[in-house]
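Below is one structure; the comments refer to it alone.
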Number of protein chains: 2
Amino acid sequence: MTKKVTIKDIARELNTNYSTVSRALNDSPKISDATKQSVLKQAKLMGYQPNSFAQKLKKGYSNTIGLIVPRINRVFFSNVIHGVETIAKQQGFNVIICQSNESVKDEEDNVKTLLSNNVAGIIMSISKETQNESSFQEILTNKIPFVMFDRALNNLVSNQVVNNNFKGAYEVTEHLIKQGYQKIIHFSGPLYINIYQDRLNGYKKALADYQIAFNPDFIIENTLTKDKGIAAVEELLKQKVDFDAIFASGDYSALGAILCLRQHHILVPEQVGVAGFANEPFTELLDITSVEQFSTDMGKSAASLLLEKVQRKEISDQYQNIEILPQLIIRKSTQKL
Amino acid sequence: MTKKVTIKDIARELNTNYSTVSRALNDSPKISDATKQSVLKQAKLMGYQPNSFAQKLKKGYSNTIGLIVPRINRVFFSNVIHGVETIAKQQGFNVIICQSNESVKDEEDNVKTLLSNNVAGIIMSISKETQNESSFQEILTNKIPFVMFDRALNNLVSNQVVNNNFKGAYEVTEHLIKQGYQKIIHFSGPLYINIYQDRLNGYKKALADYQIAFNPDFIIENTLTKDKGIAAVEELLKQKVDFDAIFASGDYSALGAILCLRQHHILVPEQVGVAGFANEPFTELLDITSVEQFSTDMGKSAASLLLEKVQRKEISDQYQNIEILPQLIIRKSTQKL
DNA sequence: TATATTTGTGCAAACGTTTGTATTAAATAT
DNA sequence: ATATTTAATACAAACGTTTGCACAAATATA
């Protein structure tokens, strides 16, 4: 590596002191315009790049925040990352991204890495395994700002940015009812995860509001993949269950359902309406009704919230809870009318 | 923020010198096991976290690499990021991820940011706008290891990890021919971008090898979105062009083609075979033949290559060119037989 | 026993900044 | 003309590490 140019080099070249150079580069009012000009010019000439480590060491804080997600290459999370990056960049912050791979152990390691990198704050969505705050206890004791998004621990009070899953599910169900569907199956995720529980509750509430009796047999748990969606529909048909719509808590199972129905020459949406949740890119391509979660906005909100806390520097005990309102995206798969 | 614990604090507590503490923490052979034990214990007790800025400043290098991609939230790139992260983490490196948003200006800014963060090396895929090396001239003069992936400049000699687009396209075309398709339309991207040119060349070569005359009218440029795919098929049908297959240089246009054909009650694959390129997630869901580019592996290769150069520390003039072999994924949309 | 070697620890400089204080020169006020 | 203020720059310490060198004590060699 070639020797790096430092402010001392610039100072030597200009026959001045390096503190002058430092102040000139930082546009201090104590420095005359003339010297500022010449310093800037010389710095450019010599290709000066400030050594950020020295700066951060001296200043005692960094312009870097940490972001921990279960997996980077998931549409939802990569959109969140995009949002976080955008806001952070705007405010002159860098982002170090870590993935927990849905493991508590990796999550702990990530926290350690971020802390020893002196990040100014941390944004995270917990792994599926995470049941308590042990893995990020260190963040709390280190007293740096901390924001959780999407998946959050119920029992932990903290800054949060979450989606209103209840409302999203309510709207899907309401829409189905208004389209004339009456016997609505619900494909759910594991109910110990709060987002799926919330969606189920939204579904129930809508039924109740429209005086449709809730049938527990219509809830099929753990059907969030394409294959499980297919299998579930097969089973429904085999059992000759009388249904006219499916609200799936995930887009992949909605897709599976549609493919299976089509296989059996059952028309969607004429005979059976199908809706998903998450608005995965393929739902637009295939005209499947779904719920947009505004993942990029979620990332932006989380970053804004965190950076606000970071800038303030005082860690208050005031926690903020930001709710992202999801939006029902109506497409052909549920448009009977 | 609470005051950070430093090695001096630990030393004071143990009535020893801070250099001893430093060496103990770094497991230096010059320190007795007894002191190492007590230092480690005390460090843990006091919740010591090394100040990475001080370390990096002193050592003069960082365990961070930079990664510049056009967009983070694209399946292809998020997979590459995933691959890079995985390898980097394994070798104790962090990754700072930047997005150029397909703009040369942002690309330049990214480069500056990364350099002032003293990254040990940089991996990048150029933006669509980028025509020459001006935006990363600084990397080259800074003499840090540098690897380009996927989109690379032809005229710049550098370390590269690229996909063999020629071969991928050849195999798709060959497969179509072997399935009995003879009149194969090719939907291409902008031909000034080398990857699309390479794919077109692969297509031509396959035709030639199987004694099928090349018809320039069968090449439809700039048809890489779903809508453009639909429009192109509409046009073909309107013009009553006689074709029995479509090889699209991108999956979205292949999808558009299929949707449009289906609309016109033309059977896929029985009457017209359709293949895409990139193996986007939805192609699996919809059983569309495509070409897997192994984006995660591409990221892994790029990271391994870069880190190898970084570890060596000497910037050699030897550049490496790694080729990723794509794989044809045959699905229903082209299986006439 | 005297000397050489090994082992473990302490001292201090250095990495490249920022920033409080001291110093100088110039400008203004008395 | 001298005293005072102001503006611009210089000096030096500090941030928290790593690491070469010096040194003392313990052990090995003669």
Side-chain angles (χ1 to χ4, degrees), chain A residues 1-40 42-43 46-64 92 115-120 142 313, chain B residues 1-40 42-43 46-64 92 115-120 142 313:
Chain A
M1 325 260 164
T2 42
K3 198 80 184 57
K4 283 262 182 179
V5 179
T6 73
I7 52 172
K8 297 199 180 185
D9 298 325
I10 298 177
R12 194 179 322 110
E13 215 58 35
L14 295 168
N15 286 314
T16 180
N17 190 275
Y18 57 89
S19 66
T20 303
V21 174
S22 170
R23 279 188 246 259
L25 291 171
N26 288 310
D27 202 25
S28 156
K30 314 191 91 180
I31 299 294
S32 70
D33 284 348
T35 31
K36 277 183 192 170
Q37 294 296 325
S38 72
V39 166
L40 251 48
Q42 184 68 21
M46 301 174 75
Y48 170 74
Q49 285 286 347
N51 181 317
S52 68
F53 302 139
Q55 290 180 318
K56 289 169 187 167
L57 173 59
K58 186 67 192 117
K59 291 195 187 162
Y61 59 84
S62 83
N63 59 338
T64 303
L115 290 178
S116 83
N117 272 279
N118 286 288
V119 292
N142 258 272
K313 281 194 172 169
Chain B
M1 326 261 163
T2 44
K3 197 80 183 57
K4 283 265 183 178
V5 179
T6 73
I7 51 172
K8 295 197 180 185
D9 298 324
I10 298 177
R12 192 178 325 107
E13 214 59 36
L14 294 169
N15 288 314
T16 178
N17 190 273
Y18 59 89
S19 65
T20 303
V21 173
S22 169
R23 278 188 252 257
L25 291 170
N26 288 308
D27 202 25
S28 155
K30 312 189 94 181
I31 299 295
S32 70
D33 283 347
T35 31
K36 277 182 194 171
Q37 293 298 322
S38 72
V39 167
L40 251 48
Q42 185 68 21
M46 301 175 74
Y48 170 74
Q49 285 284 349
N51 181 317
S52 68
F53 303 140
Q55 290 180 318
K56 289 168 186 166
L57 172 60
K58 187 62 193 135
K59 291 197 191 161
Y61 59 83
S62 82
N63 59 338
T64 302
L115 290 178
S116 83
N117 271 281
N118 285 289
V119 292
N142 257 273
K313 280 191 170 171

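Quick note on labels: first sequence line is chain A, next is B, and so on, each numbered from 1.
When the side-chain nitrogen and oxygen atoms of B/Ser32 are compared with OP1 and OP2 of C/dT9, one or more of them lie within a distance under 4.0 Å. Using a 4.0 Å cut-off, some side-chain N or O of A/Thr20 falls inside it from OP1 or OP2 of D/dA10. The side chain of B/Gln55 places an N or O atom within less than 4.0 Å of a non-bridging phosphate oxygen (OP1 or OP2) of D/dT18.
For A/Ser22, counting side-chain heavy atoms from C-beta on, the closest listed nucleotide (C/dT18, D/dC21, D/dT18) is C/dT18. For A/Tyr48, counting side-chain heavy atoms from C-beta on, the closest listed nucleotide (C/dT17, D/dT17, C/dG16) is C/dT17.
A/Lys8 places its NZ atom 12 Å from the P atom of D/dC11, with the value rounded to the nearest Å. Across the protein-nucleic acid pair, A/Tyr18 atom OH and D/dA14 atom C1' stand 11 Å apart, rounded to whole Å. Going from atom CG of A/Asn17 over to atom C1' of C/dA25 covers 16 Å, rounded to whole Å. The nearest whole Å value for the distance from the CD1 atom in A/Ile31 to the P atom in D/dT9 is 5 Å. A/Tyr61 places its OH atom 13 Å from the C1' atom of D/dC15, with the value rounded to the nearest Å. With rounding to whole Å, A/Ile7 atom CD1 is found 11 Å from C/dT19 atom C1'.
In this structure, a donor-acceptor pair under 3.5 Å is absent between the side chains of A/Asn26 and A/Ser28. There is no side-chain donor-acceptor pair under 3.5 Å between B/Ser22 and B/Ser19.
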B/Lys56 and B/Asn118: CA distance, side-chain angles, deciding distance, side-chain contact (heavy atoms from CB on, under 4.5 Å) verdict: CA-CA 9 Å; B/Lys56 289 168 186 166; B/Asn118 285 289; over 6 Å; no

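The overall bend of the helix from C/dT1-D/dA30 to C/dT30-D/dA1, read as the angle between its terminal helix axes built from five base pairs each, is 50° when rounded to 10 degrees.
Judged by distance alone, with hydrogens and angles left aside, B/Arg23 brings a side-chain donor or acceptor within reach of the base of C/dG10, the pair sitting under 3.5 Å. Side-chain to base pairing of B/Lys58 with C/dA14: one donor and one acceptor N or O lie within less than 3.5 Å of each other.
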